[in-house]
Amino acid sequence: MGLRQQARRDVQRILSDVDGFAWSIVVTNPDGRSACVRGFSTDVADLIDPETGMGISGRQAEVSLPLAPLRKAGFELPAHIASEDSKPWTMRFDDIEGTSHTFKVMRTAPDRTVGLVLCYLEAYVA
């Protein structure tokens, strides 16, 4: 097995490790179909302005999901839906205290080398 295949195997194992950092994330497509996938999630309230190095008020949320479970659930890659008349892809996950938060996908960055997709999110209320 080559290093690329080993890296893919490691990413899949790490992102779905029940005893590690993996977290349950409910993925919902624009048609309303949902699936629970394990991956990484972040939801950070304080940001740094890269130009000034100063702290700014903001919120940055992201999820990293393995592609295989998404495909197994019958999903294509999540994507940003620009039209305000259409429903977006959404991601819902609990914070560390058990409070559920829903976000819409604003941008995605698939990594087909190791089989994952990074989704940049924005807070969403249906």
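Numbering starts at 1 and runs along the sequence shown. What you see is a predicted model, and the numbers here were worked out from it, not measured in a lab.
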| Joint hydrophobic cluster, Phe21 plus Val11, side-chain heavy atoms closer than 4.5 Å | yes
| message | If I compare all heavy atoms of Arg59 with all of Asp43, which pair ends up nearest, and what's the gap? | response | NH2-OD2, 2.7 Å
| message | Looking at every non-hydrogen atom in both residues, tell me the closest pair between Ile81 and Lys87 and how far apart they are. | response | CG1-O, 3.8 Å
| note | Taken in chain and number order and not counting sequence neighbours, the residues that satisfy side-chain hydrogen bond (donor to acceptor under 3.5 Å, both in side chains) with Glu122 are none
| Between Arg4 and Thr113, is any pair of side-chain heavy atoms under 4.5 Å apart? | yes
| said: Parallel, tilted or perpendicular: which one describes the rings of Phe93 and Phe103, with boundaries at 30° and 60°? | reply: parallel
| task | Take Val26 and Met91, measure what side chain to side chain contact (heavy atoms under 4.5 Å, CB included) needs, and give me the verdict at the end. | result | CA-CA 6 Å; Val26 177; Met91 308 285 165; over 6 Å; no
| said: Tell me the closest heavy-atom pair linking Pro66 and Val37, and the distance in Å. | reply: CD-CG1, 4.3 Å
| query | Are Ile14 and Leu3 connected in the hydrophobic side-chain network, where two residues link if heavy atoms are under 4.5 Å apart? | reply | no
| said: Listing request: all side-chain hydrogen bond (donor to acceptor under 3.5 Å, both in side chains) pairs with a residue in residues 16-36, at least two apart in sequence or in separate chains. | reply: Ser24-Arg38, Thr28-Ser34
| request: Go through the steps for Leu118 and Asp111 under the test side chain to side chain contact (heavy atoms under 4.5 Å, CB included), then give the verdict. | output: CA-CA 8 Å; Leu118 174 60; Asp111 183 338; over 6 Å; no
| query | What's the shortest heavy-atom distance between Gln6 and Met1, and which atoms? | reply | OE1-SD, 3.3 Å
| message | My understanding is that only residues two or more places apart in sequence, or in another chain, count here; which of them pass ring-ring contact (aromatic ring centres under 6.0 Å, His included) with Tyr124? | response | none
| Spatial distance of atom OG1 (Thr90) from atom CD1 (Ile25) [nearest 0.5 Å] | 12.0 Å
| Does Val63 share a hydrophobic cluster with Ile96, counting links as ILVMFWY side-chain heavy atoms below 4.5 Å and allowing steps through other members? | yes
| remark: Scanning both residues in full, the closest heavy-atom pair of Trp89 with Ala79 reads CD1-O, 3.1 Å
| message | Using a 3.5 Å distance criterion without hydrogens, assess whether the side chain of Gln5 forms a donor-acceptor pair with backbone atoms of Gly2. | response | yes
| Looking only at heavy atoms, which two atoms of Leu15 and Ser64 are closest? And how far apart? | CD2-O, 4.0 Å
| query | Between the side chains of His101 and Asp95, does any donor sit under 3.5 Å from an acceptor? | reply | yes
| query | Yes or no on side chain to side chain contact (heavy atoms under 4.5 Å, CB included) for Val125 and Thr102, after CA distance, side-chain angles and deciding distance? | reply | CA-CA 7 Å; Val125 177; Thr102 302; over 6 Å; no
| field | Shared hydrophobic cluster, Leu70 / Leu116 (ILVMFWY, side-chain heavy atoms < 4.5 Å) | value | no
| Just by distance, do the side chain of Glu62 and the backbone of Phe40 share a donor-acceptor pair under 3.5 Å? | no
| request: Run through Ser41, Pro78, Pro110 and flag the one making a side chain to side chain contact (heavy atoms under 4.5 Å, CB included) with Cys119. | output: Pro78
| task | May I ask whether Leu77 and Val105 are part of the same hydrophobic cluster, defined by side-chain heavy atoms of I, L, V, M, F, W, Y residues being less than 4.5 angstrom apart, directly or through others? | result | yes
